[in-house]
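Chain A is the first sequence line, chain B the second, and so forth, proteins listed ahead of strands; every chain is numbered from 1. Not measured: the values here are computed from a predicted model. What's counted below: heavy atoms across the whole structure, side chains too, no hydrogens, waters or symmetry copies.
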Protein chains: 2
Amino acid sequence: MIVEQLKLFLSTNTGACYTALMVGSTVKVEVGSEAGTRSRALDAASEIRSRIARGELAPGERVPEAKLAESLGVSRNTLREAFRALSEEGLITQIPNRGACVAIPNINTIIDIYRVRRLVECQAVTEAMPRHPAIARMRRAVEAALEAQDHDDWSRIATANIEFHRAIFELADSARLNRMYAQLTSELRLAFGLIDDPAYLHAPFLERNEAILELLEAGSTEKASAALRDYLLLAERILLAGYERATTEG
Amino acid sequence: MIVEQLKLFLSTNTGACYTALMVGSTVKVEVGSEAGTRSRALDAASEIRSRIARGELAPGERVPEAKLAESLGVSRNTLREAFRALSEEGLITQIPNRGACVAIPNINTIIDIYRVRRLVECQAVTEAMPRHPAIARMRRAVEAALEAQDHDDWSRIATANIEFHRAIFELADSARLNRMYAQLTSELRLAFGLIDDPAYLHAPFLERNEAILELLEAGSTEKASAALRDYLLLAERILLAGYERATTEG
DNA sequence: GCATACATGATTGTTGAACAATTAAAACTC
DNA sequence: GAGTTTTAATTGTTCAACAATCATGTATGC
């Protein structure tokens, strides 16, 4: 039966829940609602993620299982399942027999992240297809950042900046690289969080993003790539310097 | 105390176990033995990995927890911990409420892997530093493959080929990209396993690897990169064609 | 014969208690 | 203050149990 085959195909190739049924001569497929597929472990992971983002759990902070499990209202086994997702994202570091702690961004990690970004982002821009849909997303991110700048809303500027670079990764048309970007921004956010001057971090780059975008829109991919390379080298330098000041004075 | 600070530094930045102690005026650091840090969950993961590699667990095969846990002599919770590592490697797919199965390499995954490889490997070669240590590793892999060819030992040829490309990733000097390579080769091995003619898969590439290497050793990085690109496009085509035959006839 | 609904069985996700092993912290000694 | 021993805390694992979910089998209607 087509419905059964479709269910099997979809369940094998994705992790999502689907409802498939015949409606006349059409197979109607509905994606299961997000709420219906949530597990307690994933909810716990989300809550931990939020606590990290809010600074309630600080980089390097030990998170004892029993205490945290009780605080979240789940069992310790379930918390370990949650740690699994967070560990994959790089937000949590688990050391055998010593427990879990919030990841500390370290200098090697930051350097590595920027090295990867230069390789991937610059090459993605060099090889970008004209009128690739991601270019429009870059444009929207630039406009969002400019609007947020008018309000001195640095949190929104930071988010728009991350979206801009996500779109650059998406130029490469690779799900795997997109997942990588998601992970490395999780880790970068930890580093950003250590620096208490977001304007210093993000302000120098609005005009640069716009210049890169305009070169790209004009089809000058090599020039856009070179400008992006300069951008990333500068961003790395600023983050490393800020990180060093934050961890030295702290 | 320097010993305590060193322990803290090491434990925060790596997952390894260290013993640090003062010996005279020198701090002596010993890395904990591998055997001492093994956990039951990691042992279970290794055994599952081996079973997959030996074909005892086939792509797409459901692996019910209770049965497998009993077969491995661990509890179900421990098995779920093992699944965690394997899921991160892409060897296992876990679907909520449906259980775990051995990952099925699918066409989209293979295409994505080769897209990523072209972006990363070709750029790594283009920007390779002269006399980078990874170039020597490429040379050793080529020699190992040629020797294995004399014995028609296709398993060793496949391994040497994977080592050759690992070394190319290492040209980029990024731990993150090296980890990515480890994961994508795990997934590629699943696809290779579906094709029952290893000679067909690997034989065409020995001479190409050697040509790429010689261009690189001669400092012609752009030519090496172009040759690598051709290689990867051909390898993708051969794998996709073989995969399609295997999954159509199967 | 096919489609649908319901019942049954199998499996997963979670809970909680327990215990061995490991690590961290405190106490003690020199 | 440094080193050693003891104690406490925590992690990794096991087990049993149960609710929830899914898969499979059976019965019924068209």
Side-chain angles (χ1 to χ4, degrees), chain A residues 1-5 7-8 10-12 15-25 27 32-33 35-45 61-70 72-85 87 92-101, chain B residues 1-5 7-8 10-12 15-25 27 32-33 35-45 61-70 72-85 87 92-101:
Chain A
M1 278 285 324
I2 184 65
V3 171
E4 299 305 329
Q5 290 177 22
K7 276 186 177 175
L8 179 63
L10 290 172
S11 69
T12 305
C17 291
Y18 292 87
T19 305
L21 62 158
M22 293 297 288
V23 180
S25 60
V27 178
S33 72
T37 59
R38 296 296 286 196
S39 70
R40 306 259 299 152
L42 290 187
D43 289 342
E61 182 175 344
R62 279 282 301 278
V63 276
E65 292 179 6
K67 222 172 79 171
L68 186 58
E70 182 177 354
L72 293 169
V74 295
S75 81
R76 201 153 64 79
N77 280 322
T78 302
L79 177 63
R80 294 179 67 85
E81 298 270 342
F83 280 163
R84 162 183 173 171
S87 178
I92 287 281
T93 302
Q94 282 183 295
I95 304 172
N97 286 314
R98 290 157 180 259
C101 59
Chain B
M1 275 291 320
I2 183 66
V3 171
E4 300 304 328
Q5 289 177 22
K7 277 186 177 174
L8 179 63
L10 289 171
S11 69
T12 306
C17 292
Y18 291 88
T19 304
L21 63 156
M22 293 296 288
V23 179
S25 60
V27 179
S33 72
T37 59
R38 296 296 288 197
S39 71
R40 303 255 304 148
L42 289 186
D43 288 344
E61 183 174 345
R62 281 281 302 276
V63 277
E65 292 178 5
K67 220 173 79 169
L68 185 58
E70 180 178 356
L72 293 169
V74 296
S75 79
R76 205 157 54 87
N77 280 324
T78 302
L79 176 64
R80 292 178 69 86
E81 299 267 345
F83 279 163
R84 163 183 175 169
S87 177
I92 287 281
T93 302
Q94 283 183 294
I95 304 172
N97 287 312
R98 290 158 181 259
C101 58

Looking only at heavy atoms, what is the nearest atom pair of B:Ala41 and B:Ala82, with distance? O-CB, 3.3 Å
Using side chain to side chain contact (heavy atoms under 4.5 Å, CB included) as the criterion, point out the one residue from A:Glu70, A:Glu65, A:Arg40 that pairs with A:Leu79. A:Glu65
Heavy atoms, side chains only, cut-off 4.5 Å: are B:Arg84 and A:Ser87 in contact? yes
Nucleotides 10-18 of chain C: protein proximity per nucleotide (B base, S sugar-phosphate only, - neither; heavy atom, under 4.0 Å): -SBBBBB-B
Value rounded to 0.5 Å, distance of CZ in B:Arg76 from CD in B:Glu81: 13.0 Å
Determine whether more than 12 heavy atoms belonging to other residues, nucleotides or ligands lie under 6.0 Å from atom CD of B:Glu61. yes
Rounded to whole Å, please give me the gap between CD in B:Glu70 and C1' in D:dT14. 14 Å
